[in-house]
Number of protein chains: 2
Amino acid sequence: MEFSTEFDARIGRGDVTLTERDVALLRAIDDHGSINAATATLGRSYSRGQQRIVELEEGFGDLVARKRGGSGGGGSHLTDLARELLNRYDQLSAEFSGIAETEETVLSGQVVDHDGELATVETAAGTVRALVHDDGTDTGARLTLRADAVTLQSPSRSPEGDRTSARNRLEGTVRTVDRGEPVALVTVDVADEVSLAALVTVTSVEKLGLDRGTPVVASFKATATRGVPVE
Amino acid sequence: MEFSTEFDARIGRGDVTLTERDVALLRAIDDHGSINAATATLGRSYSRGQQRIVELEEGFGDLVARKRGGSGGGGSHLTDLARELLNRYDQLSAEFSGIAETEETVLSGQVVDHDGELATVETAAGTVRALVHDDGTDTGARLTLRADAVTLQSPSRSPEGDRTSARNRLEGTVRTVDRGEPVALVTVDVADEVSLAALVTVTSVEKLGLDRGTPVVASFKATATRGVPVE
DNA sequence: TCCCGTTGTGCTACCAATGACACAACGAGA
DNA sequence: TCTCGTTGTGTCATTGGTAGCACAACGGGA
């Protein structure tokens with residue numbers, strides 16, 4: 001069954017939260033130079049738009065410098081704070097949509113150890129360390145491993161007693177290489193019936209000489225793999 | 001200024017989307033064995049709850065097996081599909097909240113090259129490859145680098161012409177080590193006035209002998225650093 | 001055959017967010 | 001002093017989602 005994963009990003013402060021709708025309003029003000037023109041082009045009512053700005057400013061501080069009267073009747077422009085908020089919102093959305101869109105592989109396994117948030121999980125592909133939130137009855141867990149968190153390297157150069165903080169290592173062989181334009185999706189067989197997806201740049205594909213059958217080591221940080229308890 | 005980053009996770013299919021509210025309803029049905037008891041304990045109306053289930057099932061397929069009449073009057077229980085949906089939702093939430101909570105560092109810089117989504121950005125800390133969405137007027141970009149995507153390694157063992165797909169490398173020295181219980185937040189000075197945050201396990205801190213002043217190499221994948229264009 | 005608690009369905013009422021509209025206040029420039 | 005387009009403020013209407021309620025349908029067991 002095919003799902004689409006979606007999200008709403010919000011930025012909160014005090015008891016107001018900035019939503020996508022608010023961001024659109026601020027952007028329109030920035031574009032048109034007045035609340036009036038902004039609400040008009042958005043097909044929204046001025047009165048409500050103005051009210052909303054006041055509400056937001058009670059939580060965040062000055063966002064819109066407004067002037068009435070004068071030549072042209074006045075106008076409004078965004079404060080530096082508002083611009084910072086918009087940038088922050090863009091970044092947040094970019095990260096969320098990264099998650100919503102990126103391929104991921106799910107590993108199920110048994111929790112054999114639990115130290116705070118850090119769990120050791122036995123999976124079909126080997127034992128993996130991951131962050132698992134709840135720790136009440138730790139029997140099993142489903143780990144989700146995002147393709148952009150997996151780094152690939154040649155087996156020749158990959159010491160066992162490692163000097164890196166990426167301590168989850170799974171050996172395998174490349175199953176498929178799906179070249180997008182600047183990025184490629186590589187799937188790696190790490191056990192019978194278990195394969196990982198890794199998102200790497202095409203230049204990395206070439207540097208590592210990745211092709212069907214190439215032996216590789218997939219490594220990923222414990223702190224980058226999150227899981228939820230099951231059963 | 002201190003913000004809180006929030007989100008709503010949703011799973012869509014067709015033209016219905018499963019929200020957190022729906023998840024709560026399904027969970028309550030699973031707990032109590034009937035829609036009636038579920039809506040009652042949630043303080044919601046039966047009629048609306050039942051309607052909502054029908055709406056969801058039009059998009060997703062059978063979620064709640066309902067039986068009326070019989071001993072006890074009947075009852076309801078979740079289908080396997082519903083359970084799968086709930087698991088999927090849990091995983092998605094876990095990933096989103098990981099993003100919302102995790103420390104991150106922002107690098108601003110000039111875009112010097114743009115190949116599809118992959119941009120090369122000159123920052124104060126060095127040149128970095130990252131995924132940047134829009135590519136209309138590529139002047140500057142703000143890259144956000146999540147602490148859980150940064151891996152640390154000792155400089156001794158880190159070949160220049162690398163055999164790994166993590167190609168962004170920044171050398172620096174440890175500024176602070178903030179030990180949480182199983183995970184530690186390490187900040188690394190990589191240039192004047194620029195420091196990165198890395199989230200690693202405490203055992204990695206010990207293995208690498210990280211302490212204030214320790215020279216380290218911070219590396220991260222281009223596909224794990226996302227940016228938004230500015231100006 | 002009756003009893004019971006559930007599902008299924010339809011109606012009204014309510015609430016919060018929003019739009020629609022009216023009108024005063026403003027202030028630079030003609 | 002007048003004009004003009006904007007901000008600021010208030011009132012009323014509309015809308016979408018929900019609760020509240022009533023009542024029929026169901027079917028296993030007493």
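Letters A, B, ... mirror the listed sequences (proteins, then strands); counts begin at 1.
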Could you tell me if the side chain of A/Val177 sits less than 4.5 Å from the side chain of A/Arg179, heavy atoms only? yes

What is the distance, to the nearest angstrom, from the CD atom on A/Gln50 to the P atom on C/dA20? 17 Å

Would you mind telling me which residue lines up with the more 5' stretch of DNA chain C, A/Gly69 or B/Gly75, judged by nearest nucleotide? B/Gly75

OP1, OP2 of C/dT6 versus side-chain N and O of B/Arg66: anything below 4.0 Å? no

Is any side-chain N or O of B/Ser47 under 3.5 Å from a base N or O of D/dG20, one able to act as donor and the other as acceptor? yes

Length of the CD-C1' vector between B/Gln51 and D/dG16, whole Å: 13 Å

Rounded to the nearest angstrom, tell me the gap between atom CG in B/Leu25 and atom P in C/dT7. 11 Å

Is there a donor in the side chain of B/Glu6 and an acceptor in the side chain of B/Ser4, or the other way round, less than 3.5 Å apart? yes

Enclosure of A/Arg66 CZ (heavy-atom neighbours >12, cutoff 6.0 Å): yes

Does D/dT7 have OP1 or OP2 under 4.0 Å away from a side-chain N or O of A/Ser76? yes

Atom pair distance, as rounded to whole Å: CZ in B/Arg52 and P in C/dG8: 16 Å

Quiz item: B/Arg68 side-chain donor-acceptor pair to C/dT6 base, under 3.5 Å: no

Contacts of A/Val54 and A/Gly72 projected onto DNA chain D by closest heavy atom; the upstream (5') one is A/Gly72

Please indicate whether A/Arg13 has more than 12 foreign heavy atoms, meaning atoms of other residues, nucleotides or ligands, lying under 6.0 Å from its CZ. yes

d(CG, B/Asn36; C1', C/dT6) in whole Å: 6 Å

Of the nucleotides D/dT9, C/dT7, C/dG29, which has the atom closest to the A/Ser71 side chain? C/dG29

Can you tell me if A/Thr187 and A/Ser195 form a side-chain donor-acceptor pair at under 3.5 Å? no

Just how far, in rounded Å, is P of C/dT7 from OH of B/Tyr46? 5 Å

In whole Å, I'd like the distance from the CZ atom of B/Arg48 to the C1' atom of C/dC11. 15 Å

Take the protein atom CZ of A/Arg44 and the nucleotide atom P of C/dA17, then report the distance between them rounded to whole Å. 14 Å

